[in-house]
Novice: 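Below you'll find the structure I mean.
Fair warning: this is a prediction, and the values are worked out from it, not measured in the lab.
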Amino acid sequence: MLRQQTAPTIITVLLFVAALMLGGAAAAAVSTCATIALFALVATGWTRNERKDLLVLAALVVLGVTALQLIPLPPFVLKLVNARSEALTARALSPMREDLSATWRALHLDPANGWSYAQYLIGLLAAYVAAKQVTLRGESGPIRLGAAWATAAIAIVAIAHKVTGQTELFGIYQLREAAPNLLAPLLNPNHLSAYTGAGAILWAGFALEGVYRGLAVPLSVLCGAVCVASVSRGGVAGAVTGFAVLALCHGALLRRMSMRRSGKDISAALQAIALAVLVLIGGALAGFSALVQEHRASGFSKLSLMLQFLGTTREHRLSGTGIGGLYAAVSGSTITTPTTGALADNNVPFAENFALDLVLGIGPIAALLAMGLGARWLYTVRPKIRSSQPEDFSVFAAIVSLLVHDLFDYALWLGASGYLFAVLAGIQSGLRVYVPPQRGEIRVEESNIRRARNRTRVASLVACALSAATGIFIARLTNTLEREHWQQVAKGSTFDEPALRRAMRRHPADPVLPMAGASLALRTRNPRALRYINRVIELAPAWSQTHILLAQILASRGQRSQALLEARLAVHISYRYHSTAARLLLALQATDEELDRFIPPGPLGTAFLKVFGTEANGTPRAASIDERLLARAPNELAPWTRVAARARAANDVAAETRAWEQIIRVHPSDATGCIGLADMHLAAPASTQTADAAEQALRRCPMSAHTDPRYLRRMAVLRARRNDTVGMRRTIDLLLESYGADADRRIEAFALRGLLELELRNDSAALQSYELADSMSAPRHPYLPDVIRIAHSMGDMGRVRNACLTLREDAELPADLRSRCNEAATGSSPLPPPPITP
């Protein structure tokens, strides 16, 4: 049996292993961390007093409801408890025409995933109890320091990844997403912000105690900097609140100590309290203003997202959807059909609010009971100024910061933050019971501790063995791995329907799996494709991808009206497939009346018209689409640009001028209007009047456009029109400088210089520019015809001959080039035709 002295080491190892779960680690990491946590519990055991621990009771409520949700139940019990869950799982295999209504099934909407989350919750509970037992023996210092070092290590690695541009997490494994949003160890910067924010508070606590101050201050600043750099409102709000709690508690302690000494010297305490209040108010105002700005910009915010999630509780009033089954519930909800597409097509595993996640996961009654017990526990373990030490303040403040962050995100459902919270909670809970030896005895009777540990350590060992034995099997069945597997299989050409059947049985309400089945069926011409699509629509009516796929199938079968209806549903749900829907409308030649019914109202319709205008450009429908778009967004740049292009094609100078003038008027800081107006004048026959008009148009460009390659190209043409060779060459040099290392653009610049030198009758300089452009574009040789023509006019037959020999190898020569090449070739016979390639 393990010695109790090894428990702090095991818990510290757990915190560092859990940190690897920040970046989308393998699903086996869940069982690994749970097993390590149970291993620590084997070393510490637990006492009978844990039955009175409010947080343990809250965890047992969640685990108890989860266990009931995972146990197979008779159909009539399922229907009685949750009729919607029963109906969804009964039709899990409807694409195969199998009815499961007579079989015993779990109440959980994603039972395979539920087992994994149940194991995770057991690991959190074990880590909490083990950390509390270690603290009761007065050994909390090492695990508190280990928690602080774990957060500092993540902050250091985050900066190292950012500086070095690493794509593998910690250099160990590849992230599921190739481009993390900000710092490499996290797919989501919110989680990194919560984790390092708690670390900054822990190190600040060490600094206030005067312990490791030389390390604590810079590491606290480092963690705080990474927290702020992650640009997470929830993480920063949590850190700000935690620091405010720490400052308030420390200020109250200083005030009490100063009043004991003199009764007057309380300035330091008041300053600390004032700083805490200012930080808290400033953080609240910043967070609220960010929410308001987000809502004004898009008409949608995280708060409205949470309210839409809350609407799904109407369909799961009593039992919830099961921990880990929220995505299936939200996808299949008939209530959440947002016009902004916030929920649609998103792989949302959580509601990004811990309280709301619990309500949706285990039902309102059990969730309120668990949260009530948790809130009571938090109030019970709050630091008491009369009997607390500074270490109490930092641990409690870090706990508060993680809880506040979970009002904005789902940090506690992530391994690193969850285990950090569990260990800190165990420390804080133990500190409220532990009394240092010099001031008394441990309040729990030692005889009870010894007897309880002898029995409970054996039970913990059995649980640890079960976790290790079943962990890998459970991890393989999580919906994340199943989805990734079938999304890859869907790209192939083999339809293994029995394997897909087993996966859909394990995840009966997950729409991703039947969607993969639909893709496979379409690829392999399986007649069951429409059945899979119907199942996806049944589970996820707010998925635009399914509706657009069905629209394409119906269009291929000649069912035009039904195809337009499905495409309209897709466009009204989400932004994601607007381009596909626009191409489908063009292919079906939708009438103006059908188009008016098709376009969504509000910002979603404007966004669709922008995409539709781009797709329809160059077609007969382009003008009418741009008219509709300009009626909704009269200051939009792209449609005015297309209007000007159509006017130029029709030689309507007045209409083109009006379009460019409108762009200049509504977008004065953009160079598109003035450059387009200058182009219009430069396209006219060369004269002093057109050159003056073009120069006047370019002068209307903003100063920022003077380094724009578009502006420099027109200015070079204008200099050539005015026979200003020196000015033209200087402008071309600026153009080359603006292109930098872009080889294609530099080739175009040399070709432009060759053309302008030729217009200025500088044949030698033009020849040099074209040869340079051609050498940079080898082996295509697009500029050799120009080299041949210029060299022939200069009488340089040797250069003509070499160019002809090179060009003849690639393509048949045009008539004018062939005559020049024949003249330069030795002998009187014409050049033989190029060989015929198979």
Novice: Would you say the rings of Tyr195 and Phe421 are close, in the sense that their centroids are separated by under 6.0 Å?
Specialist: no
Novice: Which heavy atom of Leu402 sits nearest a heavy atom of Ser417, and at what distance?
Specialist: CD1-O, 4.2 Å
Novice: Charged N to carboxylate O under 4.0 angstrom, Lys132 versus Asp53?
Specialist: yes
Novice: Using distance alone, with no hydrogens and no angle criterion, decide if Ser429 and Tyr128 have a side-chain donor and acceptor under 3.5 Å apart.
Specialist: yes
Novice: Using 0.5 Å steps for rounding, measure from the CD1 atom of Ile71 to the CH2 atom of Trp104.
Specialist: 10.5 Å
Novice: Minimum heavy-atom separation for Leu73 and Val77, please, with both atom names.
Specialist: CD1-CG1, 4.2 Å
Novice: Look up atom CG in Leu569 and atom CD1 in Ile548, then write down how far apart they are to the nearest 0.5 Å.
Specialist: 10.0 Å
Novice: Between Arg505 and Leu500 (side chain of the first, backbone of the second, donor and acceptor by atom type, cut-off under 3.5 Å), is there such a pair?
Specialist: no
Novice: Quick check: do Glu497 and Arg528 have side-chain heavy atoms less than 4.5 Å from each other?
Specialist: yes
Novice: Between atom CG of Leu15 and atom CD1 of Ile10, what is the distance when rounded to the nearest 0.5 Å?
Specialist: 12.5 Å
Novice: Heavy atoms, side chains only, cut-off 4.5 Å: are Ile399 and Leu378 in contact?
Specialist: yes
Novice: Is the backbone of Val381 close enough, under 3.5 Å, to the side chain of Gln428 for a donor and an acceptor to pair up by distance?
Specialist: yes
Novice: With rounding to the nearest 0.5 angstrom, report the CG to CG distance, Leu373 to Leu55.
Specialist: 9.0 Å
Novice: So Met371 and Val359, do their side chains get closer than 4.5 Å, heavy atoms only?
Specialist: yes
Novice: Looking at OG1 of Thr9 and CG of Leu14, how far apart are the two atoms once the value is rounded to the nearest 0.5 Å?
Specialist: 12.5 Å
Novice: If every non-hydrogen atom of Ala92 is compared with every non-hydrogen atom of Pro95, which pair is closest and at what distance?
Specialist: O-CD, 4.1 Å
Novice: Just wondering, do Val81 and Leu107 contact through their side chains at under 4.5 Å, heavy atoms?
Specialist: yes
Novice: Begin from the C-alpha positions of Tyr120 and Tyr419 and carry the test ring pair (Phe, Tyr, Trp, His ring centres under 6.0 Å) through to its verdict.
Specialist: CA-CA 10 Å; Tyr120 173 62; Tyr419 279 106; 5.8 Å; yes
Novice: Determine the minimum heavy-atom distance between Ala106 and Leu70, stating which atoms define it.
Specialist: CB-O, 3.7 Å
Novice: Who pairs with Arg105 by side-chain contact (heavy atoms from CB on, under 4.5 Å), at least two apart in sequence or on another chain?
Specialist: Leu78, Glu86, Thr89, Ala90, Leu100, Thr103
Novice: So, the side chain of Ser116 versus the backbone of Ala112: is there a donor-acceptor pair under 3.5 Å, distance only?
Specialist: no
Novice: Does the side chain to side chain contact (heavy atoms under 4.5 Å, CB included) test come out yes or no for Ile143 and Ile427, once each step is laid out?
Specialist: CA-CA 9 Å; Ile143 55 176; Ile427 294 173; 3.7 Å; yes
Novice: For a side chain to side chain contact (heavy atoms under 4.5 Å, CB included) check, start with the C-alpha distance between Leu550 and Leu530, then their side-chain angles and the critical distance, and finish with the verdict.
Specialist: CA-CA 8 Å; Leu550 182 56; Leu530 286 179; 3.5 Å; yes
Novice: Given side chains that start at C-beta, do those of Thr66 and Val62 come closer than 4.5 Å, heavy atoms only?
Specialist: yes
Novice: Is any side-chain heavy atom of His108 less than 4.5 Å from a side-chain heavy atom of Tyr117?
Specialist: no
Novice: Decide yes or no on side chain to side chain contact (heavy atoms under 4.5 Å, CB included) for Thr44 and Val129, but give the supporting numbers first.
Specialist: CA-CA 9 Å; Thr44 62; Val129 175; 5.6 Å; no
Novice: For Ala239, does its backbone N or O pair with a side-chain atom of Ser401 as donor and acceptor, under 3.5 Å?
Specialist: no
Novice: Please report the interatomic distance OG1(Thr32) to CZ(Phe39), rounded to the nearest 0.5 Å.
Specialist: 13.5 Å
Novice: With a 4.5 Å cut-off on side-chain heavy atoms, are Asp99 and Leu93 touching?
Specialist: no
Novice: Is the shortest side-chain heavy-atom distance between Arg535 and Met515 below 4.5 Å?
Specialist: no
Novice: Could you give me the CA-CA distance, side-chain angles and deciding distance for Arg531 and Met96, then say whether side chain to side chain contact (heavy atoms under 4.5 Å, CB included) is met?
Specialist: CA-CA 8 Å; Arg531 295 186 205 166; Met96 294 86 168; over 6 Å; no
Novice: Which heavy atom of Pro511 sits nearest to which heavy atom of Val536, and what is that distance?
Specialist: O-CG2, 3.9 Å
Novice: List the atom of Ala198, the atom of Ala398, and the distance in Å for their closest heavy-atom pair.
Specialist: O-CB, 4.0 Å
